[in-house]
Amino acid sequence: MAGKMAPLPHASNGESTVKEKTAFHHPYQPYEIQKQFMSALYECIEEGKVGIFESPTDDEEPDWMLEHARKEKRRNALQQRADLETRLAKIRAKEKRLKERYQNGEPQQKRPKTTTDGKASEEEDDEAQFILDDYDSDDNSDEKAGTNVSADFGISAETRALMKKLGMGVGDAPAEEEAELEDELRIFFCSRTHSQLSQFAGELRRVKLPPAIPPDPSGEETKVETGLEEEVKHLTLGSRRNLCINPKVSKLGSATAINERCLELQQPGTAADRKCPHLPTRETEALVNDFRDHALAKIRDIEDLGMLGKKLGVCPYYASRPTIKPSEIVTLPYPLLLQKSAREALSLSLKGHVVIIDEAHNLMDAIASIYSISVSLAQLQRSRAQIGIYLQKFRNRLKGKNRVYVTQTVRLLDSLAAYLSAQLSSKNTESIVEAGDLLHGKGVDQINLYKLTRYLQESKLARKIEGYLIHNEQREQREQREQREQQQQQQTKRTTLTGGGGGERRSDATIPVLTHIQGFLVALTNPSAEGRFFYSKTEDKGTCLKYMLLDPQNHFREIVEEARAVVLAGGTMSPMSDYTQYLLSYLPPARIMTLSCGHVIPASNLLACPIIQAQSGTDFDFTFEKRNSDSMINDLGSAILSFIQHIPDGVVIFFPSYAYLDHVLSVWKKTPFQRQPHPASLYDRLAAQKPIFLESRTTAASTSSASAASSVDNTLAAYATAISSAPAHRGALLLSVVGGKLSEGINFSDALGRCVVIVGLPFPNPHSAEWKAKMAYVESKAATTTPTSGPGPAGKGAAAREYYENACMRAVNQCVGRAIRHKNDYAAILLVDRRFATHRIQAKLPGWIRESLVAGSGRGGVADVGASLKEFFEGKREGFVT
């Protein structure tokens, strides 16, 4: 690559153009806006900037991302090749010796067997592993923190910076550099779900790139330069929950339980026959090297990686760590990139590398969600009871600091539980809480929370307690089983339970909660300006305390400052102002690039209409105060009924919430008075035109993520089948919810989505304690931020209003983006609410929709829109016939 690329005419900074001959090696001829997008991204990486890019097309990103990495490698690879080959030869020789030793069975230490002489002594040995190690001093904790402890203990970036300024150690330990391989430029591609990453991997398989190091132009190729064609070295990373291949651990279900059991099985003192047989050891290093080679030999998604681990008999979660360094592109879900402790657990360094975050429209919410945490009164009480059981056994063996800190932990739990118990009689269902109000228990105000949270991390108190409870419960189950076997000897084989270290039948008393609560205690140390505490009372979770992160900037700043370049990409990033104001406000404007691409479709393939007025002459006003009107809900149903007569195939309708969708359906299902011309209910008349499918409502308390995903898949499959099998483009209706499972990541292309209808504006409840805190934070930040780009919204509350509207419109834009997924697709987008006709709301729609909004259609009445729909779809039918 000769020289740096110049800025683009469409980018926000610069006036010059990109070199015409830049090749991005698409597997097909790219659209013009894709070339524009790729060139802008190339410039962003080359200049080390932060880019915010919006492109509504179904882009296949891997080729243009890898092209920059390849050219960067070409710049340095030739001069480093000889040294690299020498190092690789040494590594290959070492790995060959390891493999030969492993295959020859020397030494055989992988699964040593133990003898059990005497149940009493065995039980004592088992219980000894749950005793706390001596914890003599707080002063040298920084030195100890370098081993097996997250360096930041989950403490916020702002707190760590303050502690460093005051000379207080935070356990940072310099990472050891591997001498064997150069840490070359790498791309970290992050998306919301593993299904999206699997989709990315599928597109990556289609990319064919030339060698990173071209042949010698003189034609006299040396031995080193021959055969240098390479495949893309790709690795996908996942959590233990995604990659665990130990059935006794993976079946525990929850991520917390799997993490804790995995760590528990690695503890010193754990009997060899109880340790995980798949954990990499020095003796199985050859297997880890085999895993690395197989993982990089071809492009694999997360399921492929799990299957590879099972085939080789080595844990893919741990075996994937040494595979990161030789990879060119690493894909990973949000939590593994955005959470500092997760990056450290994976030994993931972003320094000098490229970070690309897909589906970045919800990035700020994702960061806030990762660093927010809630605990219920039941969890606090359960945790307190678990510590009590532990102390009954080991109280007399606790000494020094262990006794002090365990006592402090008990007092703190009692104080938090007492606060929540006092709220049971309160009439308020939620409220903002000051951190000081939570620390009113006896002696709690004297506790050094930082030292206590550090102790909990280093002593592994939670793991010791939960490990002992599991051990104790298994012993009780074993004793009960033996009693039953004695009473029913003739049925012994049928009644014997699956045995010993599985913990399959865990009572509520042993569900790990102290580890979870530990995260909440860390939040108590965070600066008050960074987040807020709340209490709430709900039917499914009971009374809860919650910490909500309000300012995601500090946590994301670490990524931006470490990486070479960061790209935030998404199909619907509008409105973009929130990213620059609340996520990247510390960066100079010259460091930020923004780009909003148009759509690949011609304008004639999209009909976008704001619908203002019902057939009855009243305005559609779905504000919270007015939306429950039966007459307006019936007007909505009548309008939809008239529209779908002109719309072929599938129609997807998005409502503001599940509760409102339920209310609308109840109104539509009422049988009208007999004197009306149509005695059937409005719901029945809609179903007669197109069969109706509903997005199922699921809650975390009642449905697992796997069953929720299955429910969504079943709904989509039934909807698609109804469309494909319906005669004469009859199609189907799919009623969904903004922010629901069907509003993101689902493509309703072609017949699946000939029309998308948005009912109302899905504003969050501004009177909730959380949104009051968010808007207060936005106003306080606006008051302390000096405007740098001319006049913005003026007046008290203007910044909060803008932020509030932007949150709503990002959700709307996500739903709208579900339709029209390729250049030959076509659809109508109907925006049902008088507010969609206002300039303020229309300005927050993506540019490609704003350009297609129907102008001059009367007052946006149902009759006008119906005529436009009829003309639009008849034109499409005629176009395909001719």
Side-chain angles (χ1 to χ4, degrees), residues 54-59 191-193 195-196 199 358-362 569-574 597-601 605-610 640 643-644 647-658 661 690 692-696 709 711-713 715-720 722-724 731-762 808-833 836 844-850 852-853 869 872-873:
E54 176 182 61
S55 177
T57 58
D58 195 15
D59 289 326
S191 195
R192 193 168 53 90
T193 65
S195 62
Q196 291 167 331
Q199 209 172 10
D358 193 26
E359 298 289 332
H361 62 275
N362 57 11
T572 51
M573 296 294 289
S574 298
C597 295
H599 211 295
V600 296
I601 61 167
N605 279 20
L606 173 64
L607 175 68
C609 302
I640 293 172
F643 294 155
I644 61 178
I647 303 172
D649 302 318
V651 177
V652 185
I653 306 176
F654 289 98
F655 291 83
S657 67
Y658 289 104
L661 172 57
K690 294 179 184 286
I692 298 175
F693 296 86
L694 301 177
E695 177 181 349
S696 59
S711 175
V712 170
D713 291 342
T715 300
L716 285 174
Y719 171 70
I723 292 172
S724 61
L733 276 177
L734 179 58
L735 307 186
S736 185
V737 171
V738 176
K741 293 284 185 181
L742 300 179
S743 65
E744 292 190 34
I746 306 294
N747 295 338
F748 294 105
S749 59
D750 298 316
L752 293 178
R754 288 300 179 210
C755 181
V756 171
V757 182
I758 308 293
V759 177
L761 286 164
C808 169
M809 291 307 295
R810 269 196 299 273
V812 169
N813 293 341
Q814 270 299 296
C815 296
V816 166
R818 297 310 91 211
I820 308 186
R821 307 304 298 179
H822 58 85
K823 67 177 181 179
N824 295 320
D825 207 354
Y826 62 93
I829 295 173
L830 307 181
L831 308 171
V832 188
D833 195 296
F836 280 116
K844 298 179 189 295
L845 291 168
W848 61 278
I849 293 180
R850 289 200 307 271
S852 297
L853 283 172
L869 286 169
F872 176 76
F873 285 108

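Here the structure is a predicted model, which is why all the values come from computation and not from measurement.
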>> Parallel, tilted or perpendicular, judged at 30° and 60°: which one describes the rings of F873 and Y826?
In response: tilted
>> Just verifying a value: how many Å separate L607 CG and L869 CG, rounded to the nearest 0.5 Å?
In response: 5.5 Å
> Which value, rounded to the nearest 0.5 Å, describes the distance between Q199 atom CD and N747 atom CG?
Replying inline: 6.5 Å
> Between C815 and S743, what is the shortest heavy-atom contact and its length?
Replying inline: SG-CB, 3.7 Å
> Between S191 and Q196, what is the shortest heavy-atom contact and its length?
Replying inline: OG-OE1, 3.1 Å
>> Set out, in order, the CA-CA distance, both residues' side-chain angles and the distance that settles side-chain contact (heavy atoms from CB on, under 4.5 Å) for I829 and L606, then state yes or no.
In response: CA-CA 8 Å; I829 295 173; L606 173 64; 3.7 Å; yes
> Closest heavy-atom contact between N605 and D825?
Replying inline: ND2-O, 2.9 Å
>> For a 4.5 angstrom cut-off between non-hydrogen side-chain atoms, does F643 reach V757?
In response: no
> Between L830 and C609, is any pair of side-chain heavy atoms under 4.5 Å apart?
Replying inline: yes
> Given the rule in the side-chain contact (heavy atoms from CB on, under 4.5 Å) test, do R192 and N362 qualify, once you have shown the distances and angles that lead to the verdict?
Replying inline: CA-CA 9 Å; R192 193 168 53 90; N362 57 11; 3.2 Å; yes
>> Within the 4.5 Å heavy-atom criterion, are F836 and L761 side-chain neighbours or not?
In response: yes
>> Using 0.5 Å steps for rounding, measure from the CG atom of N813 to the CD1 atom of I849.
In response: 6.5 Å
> Between atom CG of L661 and atom CZ of F654, what is the distance when rounded to the nearest 0.5 Å?
Replying inline: 11.5 Å
> Closest heavy-atom contact between A819 and V756?
Replying inline: CB-CG2, 3.6 Å
> Between atom OG of S736 and atom OH of Y658, what is the distance when rounded to the nearest 0.5 Å?
Replying inline: 6.5 Å
> Is any side-chain heavy atom of V712 closer than 4.5 Å to a side-chain heavy atom of L742?
Replying inline: yes
> Hey, what do you get for NE2 (H361) to CE (M809), rounding to the nearest 0.5 Å?
Replying inline: 13.5 Å
> Quick one: does V651's side chain get under 4.5 Å of C755's, heavy atoms only?
Replying inline: yes
>> Are the side chains of L845 and L853 in contact, using a 4.5 Å heavy-atom criterion?
In response: yes
>> Between E695 and L735, is there a side-chain heavy-atom distance shorter than 4.5 Å?
In response: no
>> Under the rule for salt bridge (charged side-chain N to carboxylate O under 4.0 Å, His left out), what residues qualify as partners of D649, not counting sequence neighbours?
In response: R754
> For the residue pair I647 and K690, what are the closest heavy atoms and their distance?
Replying inline: O-NZ, 2.9 Å
> Taking all atoms of both residues into account, what is the closest heavy-atom pair of Y719 and L733, and its distance?
Replying inline: CE1-C, 4.1 Å
> Is any side-chain heavy atom of L694 closer than 4.5 Å to a side-chain heavy atom of T715?
Replying inline: no
